[in-house]
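Report on the following structure.
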Protein chains: 2
Amino acid sequence: MKQYHIPVEATLDVIGGKWKVVILCHLKKGTKRTSELKRLMPNITQKMLTQQLRELEDDGIIQRKVYNQVPPKVEYSLTDYGSSLNTILDDLCTWGECHLEKNNSTSMLITIED
Amino acid sequence: MKQYHIPVEATLDVIGGKWKVVILCHLKKGTKRTSELKRLMPNITQKMLTQQLRELEDDGIIQRKVYNQVPPKVEYSLTDYGSSLNTILDDLCTWGECHLEKNNSTSMLITIED
DNA sequence: CGGTATCCTTCCTGATACTG
DNA sequence: CAGTATCAGGAAGGATACCG
């Protein structure tokens with residue numbers, strides 16, 4: 001069993017992956033299909049997207065719903081437990097916005113509209 | 001210039017390093033010497049500790065104070081700007097505590113007393 | 001459309017030695 | 001004490017091709 005030295009390490013184990021916070025920020029706004037997530041994160045590879053989604057699912061943060069149809073359709077959404085991260089996710093987003101403003105670098109931001 | 005797709009990526013660029021949140025959680029409780037940080041994080045290597053501290057310093061999150069004496073003494077502390085992360089750090093810690101409790105895994109936690 | 005498998009690069013670790 | 005340097009090995013992440 002894994003051993004931590006301070007509790008925050010447990011949080012990082014769950015949301016510390018390179019793309020997990022970004023994925024959760026998108027899912028916080030609502031259910032998304034795999035292809036939607038991919039489009040919202042142009043720089044993520046298919047492999048990493050699947051991998052990070054699986055780990056979040058295994059930790060009970062997100063829910064995976066498969067529609068048995070052709071072509072396939074898979075939807076991801078936050079679980080109730082995952083929603084307990086909403087405050088943190090909001091604060092992380094807000095801090096990022098302020099950080100960008102502070103550096104007069106709003107031009108650094110490209111927002112892909114939903 | 002770096003391009004982001006959503007603001008939270010800017011936050012992750014600053015505190016997304018493998019050990020940065022843990023370091024910041026320790027510094028939030030007060031100024032620490034290098035050796036203290038090393039003791040609080042037994043699993044971090046000297047190299048990574050120095051590296052993560054440098055990056056945090058470059059981003060204006062922490063302050064490095066060198067005392068010109070023998071043996072050398074170096075102290076690290078949060079800057080005012082770094083303190084703007086305090087709420088986030090607290091929430092991350094709290095969530096980790098709840099997560100550990102939920103999994104009935106308080107035994108997973110080893111706290112090294114200051 | 002969603003996911004796997006393979007290969008490759010980069011980052012991180014561990015150990016050790018060395019400097020001011 | 002704090003930091004740098006080196007090098008080997010492992011883990012995490014990325015690029016590409018392929019499958020149902």
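First the proteins, then the strands, lettered A, B, ... as listed; each starts at 1.
- In this structure the side chain of B:K65 never reaches within 4.5 angstrom of the side chain of B:V74, judged on heavy atoms.
- The overall bend of the helix from C:dC1-D:dG20 to C:dG20-D:dC1, read as the angle between its terminal helix axes built from five base pairs each, is 40° when rounded to 10 degrees.
- For B:E36, there are no salt bridge (charged side-chain N to carboxylate O under 4.0 Å, His left out) partners, not counting sequence neighbours.
- Applying the salt bridge (charged side-chain N to carboxylate O under 4.0 Å, His left out) test to B:K73 and every residue at least two apart in sequence or in another chain returns B:E75.
- Evaluation of the side chain to side chain contact (heavy atoms under 4.5 Å, CB included) rule for B:C25 yields A:I6, A:V8, B:V21, B:L89, B:C93 as partners, not counting sequence neighbours.
- Rounding to whole angstrom units, CG of residue A:L53 and P of C:dC1 are separated by 17 Å.
- A search for side-chain hydrogen bond (donor to acceptor under 3.5 Å, both in side chains) contacts involving A:E97 returns nothing, not counting sequence neighbours.
- A sub-4.0 Å separation between OP1 or OP2 of C:dC1 and a side-chain N or O of A:R33 is absent.
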Side chains of residues 40-51 of chain A: which donor-acceptor pairs under 3.5 Å do they make with residues two or more places apart or in other chains?
from: A:T45; atom 1: OG1; to: A:M48; atom 2: N; distance (Å): 3.2
from: A:T50; atom 1: OG1; to: A:Q46; atom 2: O; distance (Å): 3.1

Please tabulate, for the side chains in residues 52-62 of chain B, all donor-acceptor contacts under 3.5 angstrom to protein atoms that are two or more places apart in sequence or on a different chain.
from: B:Q52; atom 1: OE1; to: B:W19; atom 2: N; distance (Å): 3.2
from: B:Q52; atom 1: OE1; to: B:K20; atom 2: N; distance (Å): 3.4
from: B:E55; atom 1: OE1; to: B:K20; atom 2: NZ; distance (Å): 2.7

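- The CD-P distance, from A:E75 to C:dG3, rounds to 12 Å in whole Å.
- Contact of the B:K32 side chain with the B:Y76 side chain is not registered, since no non-hydrogen atoms from C-beta on lie closer than 4.5 Å.
- From the 5' end on, the contacts that DNA chain D makes with chain A at under 4.0 Å to a non-hydrogen atom open and close at D:dG13 to D:dG20.
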**Request:** Do nucleotides 10-20 of chain C as a string where each nucleotide becomes B, S or -: B if the base has a protein heavy atom under 4.0 Å, S if just the sugar-phosphate does, - if no protein is that close.
**Result:** --SBS-----B
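- Listed by chain and residue number, nothing satisfies the ring-ring contact (aromatic ring centres under 6.0 Å, His included) test with A:Y67 (two or more places apart in sequence, or in another chain).
- The CD-P distance, from A:Q46 to C:dT6, rounds to 17 Å in whole Å.
- Sorted by first then second residue, the salt bridge (Lys or Arg N to Asp or Glu O under 4.0 Å) pairs that include residues 86-96 of chain B, not counting sequence neighbours, are B:K28-B:D90.
- If you check every strand for non-hydrogen atoms under 4.0 Å, A:Y76 touches sugar and phosphate atoms only.
- Residue A:T34 has a polar side-chain atom (N or O) positioned under 4.0 Å from OP1 or OP2 of C:dG3.
- Atom CZ in A:R54 sits roughly 15 Å away from atom C1' in C:dA5 (whole-Å rounding).
- Listed by chain and residue number, A:H99, B:Y81 satisfy the ring-ring contact (aromatic ring centres under 6.0 Å, His included) test with A:W95 (two or more places apart in sequence, or in another chain).
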